[in-house]
Amino acid sequence: MNVESLSERGTRARRDEEVDVVIVGAGPSGSVAALHLARAGLSVVALEQGEWPEYNDYTGARPEHELVSTKLWHPNPNVRDNPNDYPVDTSTTDINPLMFAGVGGSATLYGAQWMHFLPSDFRVRSLDGVAEDWPFSYEDLLPYQLEIEREVGVSGLAGDPAFPPRGPYPFPALPIGSVGLRGALGMERMGWHWWPGSNAIPSEKFGELNACVRRGTCLTGCPEGAKSTTDRSHWPLALKAGARLVTRARVKEVETNEQGLATGVVYVDANGRDRRQRAKVVILCANGVGTPRLLLMSGGAKSPDGLANSSGMVGKRLMMHPFASILASYEDPLDSWRGPFGQQVYSLEFYETDERRGFVRGSKWNCMPSGGPVGVSGATGSKVYVAEEGRFQDFWGANLHENVARRFGHSLIWGIVGEDLPEEENQVVLSKNLVDSDGLPAPQIVYKVNENSNRLLKFNIDRCLESVRAAGAIETLVSTPVRESGWHLIGTTVMGDDPKRSVVDQWGACHDVPNLYIMDASTFPTSGATNPTATIMAVALRNTRRMIAERRNQKVA
Amino acid sequence: MSTDKTFLALADFLIPAHGDMPAFGSVCTFADAEKALDFRVDLKEGFDRGLDADPALSAEAHLEKLNKEDGGAFSAVTTIAICTYYMNPRVRELLGYPGQESVRYDSKATQIYLTDGSLGHVLARGRKYRPTPGL
Ligand SMILES: Cc1cc2nc3c(=O)[nH]c(=O)nc-3n(C[C@H](O)[C@H](O)[C@H](O)COP(=O)(O)OP(=O)(O)OC[C@H]3O[C@@H](n4cnc5c(N)ncnc54)[C@H](O)[C@@H]3O)c2cc1C
Ligand code: SF4
């Protein structure tokens, strides 16, 4: 069976059939749960509002790529304007949440930068006196991280002194290219940490994944089928193990009975009809925005503040990793349109807290290529490097040619991901004005970049400028905080031991509804500063294994 | 002025000849721009509005006005102009841009950072992480 023929297997359950588990969302977290539950012999139905990816639609190999991808593959659902996505009310946020609806989830557009959280990320209260410790440790999660790496097909180089010792990656690191070497040179000249990038992009053929050929369009879908997304890494195996996946199925409500136990979900199918999927256990994997949205839409008159929300914490503590980017141009050629567009090199020099810097916690930097001529011109598109109030003539005419000549093929981008501390005011609520294509309320984001993040970004930008100049940069362009940077959606149904202060326990089970689970990054107590998907999938695996082991003790309706 | 002439006048103002690089109109046609627009039907309305020009205005004054009064139209016209230009094979050749090409490499080749000592320096600088307390 190949990936292309899989979509035909998206059968729904028989009318009124009660399955063991229904999963909402077929992104990285939902895919892990589906594969492992189906392999353990449970009957599983996954409901996904998007569709199977159509690889011919990824334009990376075609001349029109830069023109098409800025709309069709834009990471902001409001720009994409695709009815399979829900829109997001962004009138009250400093940062737009970014995501994608489809089999493979938001990872369809991810950079595939593959990073574990660090030991200190699980112990921020003990080490730095902020937020809360996680109920488990780096060491508890590591075996799951390593297992997921093998499922995903990660390439990288072990031995990084910024992490505790670990075994080898499944595949050798991808070439870091001239961009990575130049990024590393700056760090070397400063005497700072850097390491060859680890990416969810196998450097050799692996299962349904082809070897990466450095086409460099990972962030707009990989036309080669080389970037690891779960439509290729997990779903072929999950379907073979008996899981069923229904696409264009938008869940509108989790239903419960008189005893407060979940009985299944109601979803709108591709024809706009309401359908019910009964299940003994419901798992939400709809991401840090979609999951609280669904809980807030559920509960009915019995729970007017939303389901599983006796703590009042559903939707609160949204973390999105405020981001800065620095484009640096050099005299010599760097072939900077070549991939992977992933991370060629990363740095954890400023990851750990040093209070002399005026903020707590830290950052992760990743060095990436800068892409094609349209993008580096800064003249159109996301306006990352264009001041809104700037004169348009600064980007056009002779300036356009000069900007492109200086940057195109000669520049790199350092992305700076800063840890975001949880604050209850930063939250997901239901919009009163905006609805999706099925008339369901859109999520509204209420979010402000906090003072700690502002200081953190400023400090890191200054350091990054030192590094790129040390490597000979002739031009630098800084963008911060980048509005279109809500790639990481974290914290909105926090896990913890205390049902008054948290939504789920350490295994993802809702305190209020013991057969309702959450397995995406909504449950994370803190955000770390690394890209979260490795940790999301590892936590989902840990929870799933526990659910399988405890299945006989599971309370069901 | 006809819409194709209006567009070419705006595009030549946005992308004039400079150094080795040709002006928009000397390598691209209005038909090329229309083909590009077919990839982005969402820009069509803005594009049409953007070409509805007052003949008394210069290209620069017209773009200035669009930028201030109709951001959607400004963005549509400029996006189509720049993307059409950089999709042009002659322009790509002059820039040395083969497009997002595929590149073969040997995944098992020894990487230079392992032999030139640079990664060795990172290792020599020692452990950076803070271990889990109490372990
Ligand atoms: C542009 C971009 C770049 C990124 N780069 C990186 C990176 O380099 N490294 C990294 O680690 N992370 C990256 N991320 C983040 C990464 O994509 C996410 O962390 C990851 O996809 C989260 O997995 P998830 O399964 O929890 O949620 P998602 O992948 O968001 O999947 C949730 C799924 O649920 C579906 N859904 C939601 N609501 C409903 C509903 N009501 N009914 C039915 N279905 C529903 C959605 O359609 C979606 O498919 C990036 C994200 C973006 C957008
Ligand atoms: S760089 Fe590799 S993973 Fe990225 S788009 Fe190209 S082939 Fe795919």
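Letters go in sequence order (proteins before strands), and every chain restarts at 1.
- Across Trp194(A), Tyr138(A), Trp195(A), Phe163(A), the residue that shares the most heavy-atom pairs under 4.5 angstrom with chain B is Trp194(A).
- With a threshold of 4.5 angstrom between heavy atoms, Arg130(B) approaches chain A through its backbone and through its side chain.
- Ile112(B) contributes atom CD1, which lies 9.0 Å from atom CD1 of Ile176(A) (distance to the nearest 0.5 angstrom).
- Across all their heavy atoms, Arg215(A) and Ser102(B) have their closest contact at NH2-CB, 3.5 Å.
- Contact check for Pro63(A) versus Arg92(B): side-chain heavy atoms found under the 4.5 Å cut-off.
- Of all the listed residues (Leu123(B), Asp42(B), Asp12(B), Asp106(B)), the one sharing the greatest number of non-hydrogen pairs under 4.5 Å with chain A is Asp42(B).
- Listed here is the closest heavy atom pair of Gly126(B) and Pro161(A): O-CB, 3.6 Å.
- You'll find the side chain of Lys108(B) reaches within 4.5 Å of the side chain of Glu204(A), heavy atoms only.
- In terms of heavy-atom pairs under 4.5 angstrom with chain B, the leader among Gly60(A), Ser120(A), Ser126(A), Pro196(A) is Pro196(A).
- Residues Pro98(B) and Trp337(A) approach most closely at CD-CZ2, 3.5 Å, considering heavy atoms.
- Gln100(B) contributes no side-chain N or O that, together with a main-chain N or O of Ala61(A), makes up a donor-acceptor pair within less than 3.5 Å.
- Under a 3.5 Å cut-off, the side chain of Tyr105(B) and the backbone N or O of Cys212(A) do form a donor-acceptor pair.
- When Leu174(A), Asp335(A), Thr353(A) are compared by the number of non-hydrogen pairs under 4.5 Å with chain B, Thr353(A) comes out ahead.
- Pro16(B) touches chain A through backbone and side chain together, each having a heavy atom under 4.5 Å away.
- Around atom CD of Glu45(B), no more than 12 heavy atoms belonging to other residues, nucleotides or ligands sit under 6.0 Å away.
- Using a 4.5 Å cut-off between heavy atoms, Arg125(B) contacts chain A through its side chain alone, with no backbone atom that close.
- Both the backbone and the side chain of Leu63(B) come within less than 4.5 Å of a heavy atom of chain A.
- For a residue to count as touching a neighbouring chain, one of its non-hydrogen atoms must lie under 4.5 Å from one of that chain's; by this rule Glu101(B) touches chain A with backbone and side chain alike.
- In terms of heavy-atom proximity, Pro119(A) sits nearest to Tyr129(B) at CG-CD1, 4.2 Å.
- Under the side-chain contact (heavy atoms from CB on, under 4.5 Å) rule, Phe39(B) has a single partner from Thr59(A), Val68(A), Leu72(A), which is Val68(A).
- Contact count versus chain B (heavy atoms, under 4.5 Å) is highest, among Leu181(A), Leu118(A), Leu185(A), Asp128(A), for Asp128(A).
- In this structure the side chain of Val345(A) never reaches within 4.5 angstrom of the side chain of Tyr113(B), judged on heavy atoms.
- Remark: the backbone N or O of Leu67(A) is paired with a side-chain donor or acceptor of Arg40(B) at under 3.5 angstrom.
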Tell me, with the steps shown, if Phe408(A) and Tyr86(B) meet side-chain contact (heavy atoms from CB on, under 4.5 Å).
CA-CA 12 Å; Phe408(A) 173 69; Tyr86(B) 287 117; over 6 Å; no
Working for side-chain contact (heavy atoms from CB on, under 4.5 Å), residues Thr132(B) and Phe122(A):
CA-CA 8 Å; Thr132(B) 305; Phe122(A) 298 86; over 6 Å; no
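- Interface remark: Ser155(A) contributes no atoms to any contact with chain B (heavy atom separation under 4.5 Å).
- With rounding to the nearest 0.5 angstrom, the CG atom of Leu119(B) is 8.5 Å from the CG atom of Asp160(A).
- By the neighbour-count criterion of 12 heavy atoms within 6.0 Å, atom NZ of Lys5(B) is sparsely surrounded, having that number or fewer from other residues, nucleotides or ligands.
- Within 6.0 Å of the NZ atom in Lys65(B), the count of heavy atoms belonging to other residues, nucleotides or ligands does not exceed 12.
- Within 6.0 Å of CG on Asp20(B) lie no more than 12 heavy atoms contributed by other residues, nucleotides or ligands.
- Annotation: the span from Lys71(A) atom NZ to Leu43(B) atom CG amounts to 8.0 Å, rounded to 0.5 Å.
- Trp396(A) has its side chain within reach of Ile82(B): a pair of non-hydrogen atoms, C-beta onward, lies under 4.5 Å apart.
- Here the OG atom belonging to Ser118(B) is positioned 6.0 Å from the CD atom belonging to Glu188(A), to the nearest 0.5 angstrom.
- Contacts of Leu127(A) with chain B are made by both backbone and side-chain atoms, with heavy-atom separations under 4.5 Å.
- Interface summary for chain B: among His193(A), Met187(A), Arg62(A), the most heavy-atom pairs under 4.5 angstrom belong to His193(A).
- The aromatic rings of Phe74(B) and Phe392(A) sit perpendicular, their planes meeting at an angle over 60°, well past the 30° parallel limit.
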Assess whether salt bridge (Lys or Arg N to Asp or Glu O under 4.0 Å) is satisfied between Lys128(B) and Glu349(A), documenting all intermediate values.
CA-CA 8 Å; Lys128(B) 285 205 74 65; Glu349(A) 178 65 25; 3.3 Å; yes
What verdict does the side-chain contact (heavy atoms from CB on, under 4.5 Å) test give for Lys35(B) and Glu64(A), after you've listed the backbone C-alpha separation in whole Å, the side-chain angles of each residue and the deciding distance to 0.1 Å?
CA-CA 10 Å; Lys35(B) 249 188 248 155; Glu64(A) 66 272 18; over 6 Å; no
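- Heavy atoms of Tyr97(B) lying under 4.5 Å from chain A belong to its backbone as well as its side chain.
- Annotation: maximal heavy-atom pairing with chain B below 4.5 Å, among Gly216(A), Ala173(A), Gly371(A), Ala398(A), occurs at Ala398(A).
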Leu14(B) and Leu400(A): CA distance, side-chain angles, deciding distance, side-chain contact (heavy atoms from CB on, under 4.5 Å) verdict
CA-CA 8 Å; Leu14(B) 293 165; Leu400(A) 172 75; over 6 Å; no
